[in-house]
Protein chains: 2
Amino acid sequence: MESMIADIRSFNRFYTNILGLLDQSLLGSGYSLTDVRVMLEISLQPFSTAKTLIHQLNIDPSYMSRIIKRLETDGLLEKIPSELDNRLNNLKLTTTGEALIQKMDAKSHDQMKKLLRCLSEDEVRTVVSSMQLIKAKFSEAFYQFKIRDFTFDDIDYVISRHKILYQNEYRLTQVFSDHVDATVNAFAEHFNPERECMFIAEMSGKPVGSIAVASMDDQTAQLRFFLLEPKARGIGIGKKLVDAALLFCIENNYTSVFLDTFSDLKTARYLYAQKGFEIISTHANESWGKNILEERWALYF
Amino acid sequence: MESMIADIRSFNRFYTNILGLLDQSLLGSGYSLTDVRVMLEISLQPFSTAKTLIHQLNIDPSYMSRIIKRLETDGLLEKIPSELDNRLNNLKLTTTGEALIQKMDAKSHDQMKKLLRCLSEDEVRTVVSSMQLIKAKFSEAFYQFKIRDFTFDDIDYVISRHKILYQNEYRLTQVFSDHVDATVNAFAEHFNPERECMFIAEMSGKPVGSIAVASMDDQTAQLRFFLLEPKARGIGIGKKLVDAALLFCIENNYTSVFLDTFSDLKTARYLYAQKGFEIISTHANESWGKNILEERWALYF
DNA sequence: GTTTATTACTGGACTCAGTCCACCATTTCT
DNA sequence: AGAAATGGTGGACTGAGTCCAGTAATAAAC
């Protein structure tokens, strides 16, 4: 065991060097790693506020204020005063900002591609699966998360976090809040344990996410209330939640599942696409906030 | 391929966080990561000079000067004026300095151990082997390795690195150093290119390892001077060196090969056993250091 | 054997990233 | 309504690291 720990520490030193070399791609852009992380986060979740970024990226509030100010004067992002709370400013990259992020992302992607040019596709595949194993085990070691059935005590969590996270991240209106209140409560009230389910993701004993399967008819299920706390993102929990829900659908002989989401939720949309979902209809919904493009995704087993 | 690159980059972001958390073990020590890297390097290679550190760790000369000065006034290292060149100062950690490094190393080790406590030994084993795979493939991608015949210019490298590495890693005495000096020089002097060979492993053009085949008689060869720099370990180069040496033995009609090693060299011993070597005799040798159990391994074709 | 160039190192002045603290405006709690 | 909490901001500061201009010692050139 001792020698394995030494091996892991040796890998850490090795990988520190690798990451150091890779970070040099940002050099010369005039923006620090932190600046880029901020822009990336805003790009992934438009209508973030300074607050959410401070927590997600673990940056000093004062420093964040300065970064945002600088990026704003550089024309890379714009502040949109929140209608719900005058202290808040929703943040959104300008087209210039998006373009810069895209350019950096492409550059970093190319750099990695170039690095891997001397490895065969099969070799890269083994590397990727090794990385996934490490990520999974380390997430487990660091955070201890699990997915469990919900209890009625979780309803409050699901409602309040849904409201807060969506409001903060996507600047949705009170109409959306009321909608969440109503639908979650209705779901819980008419809950049919034979045909429906709700799962809660826990990280170190605290709920950090949710997903539900609601029965539409004998053949058709709907995924609902899919939520993941920012701090729990990017370690495969979202995927596991969706997997658990889809497994439930298959086991219960549903032949199709659909879900409603909107175009800003990029990570979630990527996950749906990966699972085989396809967009079957879209429509603008202005009552939940400005410029919301609702989408209905469906998957047929 | 594109999505695999995305996966790798996702792993990089994840692992950046992990490493960030781990680095916090240094916090509160009053020394920066750079300070520690400097001390570690001096600890591994005593009598380094500022010059060598500047190149090895890629630190600004002026900054290095300041770091050294600070560590000196803190009583962690001492400057020993070089007798050959008055501009040079040889650097050596004081016992306080060594103790500090040891303490930090132990702390870092414990931290990792604690982190892994919720994983089974088997799980850790899979993590370690995944890491080794990544290290091997990335090393291949980042650095270019090759194994080549030695030239007489390599003799100095083989002697000096043998001394330094064995002294650092196994606390061997001056007697061992002298022995290396004598045997390597003797080998080079009486070198018979028809029946003997020495291979050098190179990483990005710099020697990182060696192995030699010495002729004992028509039938019997001896493996000698097997060495691999720490940074080049764990990526299959040692195996390649031994393979090259054994191939040479077979091609030159030797019927047996033997080698002398000692019981502390666990990784090397594992490699020998894998190749079919067996221990044919052991004896304690106290003149090279404390508690050295010498072993003679042999392989018959 | 003196001049010139190079090397190893050093100190001053500076930049840049990030932190700490005090403060304001707004919102929430009671 | 008043107290407490929240989101955000600017001033002053620290600490890491860089740039440049030296100095002393050594090596090379003529």
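So that the names make sense, note that chain A is the first sequence line, chain B the second, and so on, each numbered from 1.
B:Asp60 places a side-chain N or O within 3.5 Å of a backbone atom of B:Ser62 that can act as its donor or acceptor partner. The backbone N or O of A:Met39 sits nowhere less than 3.5 Å from a side-chain atom of A:Ser43 that would complete a donor-acceptor pair. Between the side chain of B:Ser48 and the backbone N or O of B:Leu53, no donor-acceptor pair lies under 3.5 Å. Checked by atom type and distance alone, the side chain of B:Ser65 never pairs as donor or acceptor with a backbone atom of B:Pro61 at under 3.5 Å. No donor-acceptor distance shorter than 3.5 angstrom exists from the side chain of B:Asn12 to the backbone of B:Arg9, with no hydrogens or angles considered. Judged by distance alone, with hydrogens and angles left aside, the side-chain atoms of B:Thr49 form no donor-acceptor pair with the main-chain N or O of B:Asn90 at under 3.5 Å.
Phosphate contact (OP1/OP2 of D:dG8, side-chain N/O of A:Asn89, threshold under 4.0 Å): absent. Dashed line: the shortest gap from a side-chain N or O of A:Lys51 to OP1 or OP2 of D:dA5 is not under 4.0 Å. OP1 or OP2 of D:dG10 sits under 4.0 Å from a side-chain N or O of A:Lys69.
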Would you tabulate the nitrogen or oxygen pairs shorter than 3.5 Å linking the protein to nucleotides 11-16 of chain D?
{"residue": "D:dG11", "atom": "N7", "partner": "A:Arg66", "partner atom": "NH1", "Å": "3.4"}
{"residue": "D:dG11", "atom": "O6", "partner": "A:Ser62", "partner atom": "OG", "Å": "3.3"}
{"residue": "D:dG11", "atom": "O6", "partner": "A:Arg66", "partner atom": "NH2", "Å": "2.5"}

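Among the atoms of the strands shown, only primed sugar atoms or phosphate atoms (P, OP1, OP2) are found under 4.0 Å from some heavy atom of A:Asn86.
Look at CG on B:Leu88: it is 13 Å from P on D:dA25, rounded to the nearest Å. Atom CE of B:Met64 is separated from atom C1' of D:dG17 by 12 Å (rounded to the nearest Å).
Note: A:Phe225 and A:Phe187 meet the aromatic proximity criterion, with ring centroids under 6.0 Å apart.
Heavy-atom distances to DNA chain D give each of A:Arg87 and A:Asp60 a nearest nucleotide, and the one nearer the 5′ end belongs to A:Arg87.
Taking 4.0 Å as the cutoff to heavy atoms of chain A, we find the contact window on DNA chain C bounded by C:dA17 to C:dT27.
Using cut-offs of 30° and 60° on the angle between ring planes, the pair B:Phe11 and B:Tyr15 is parallel.
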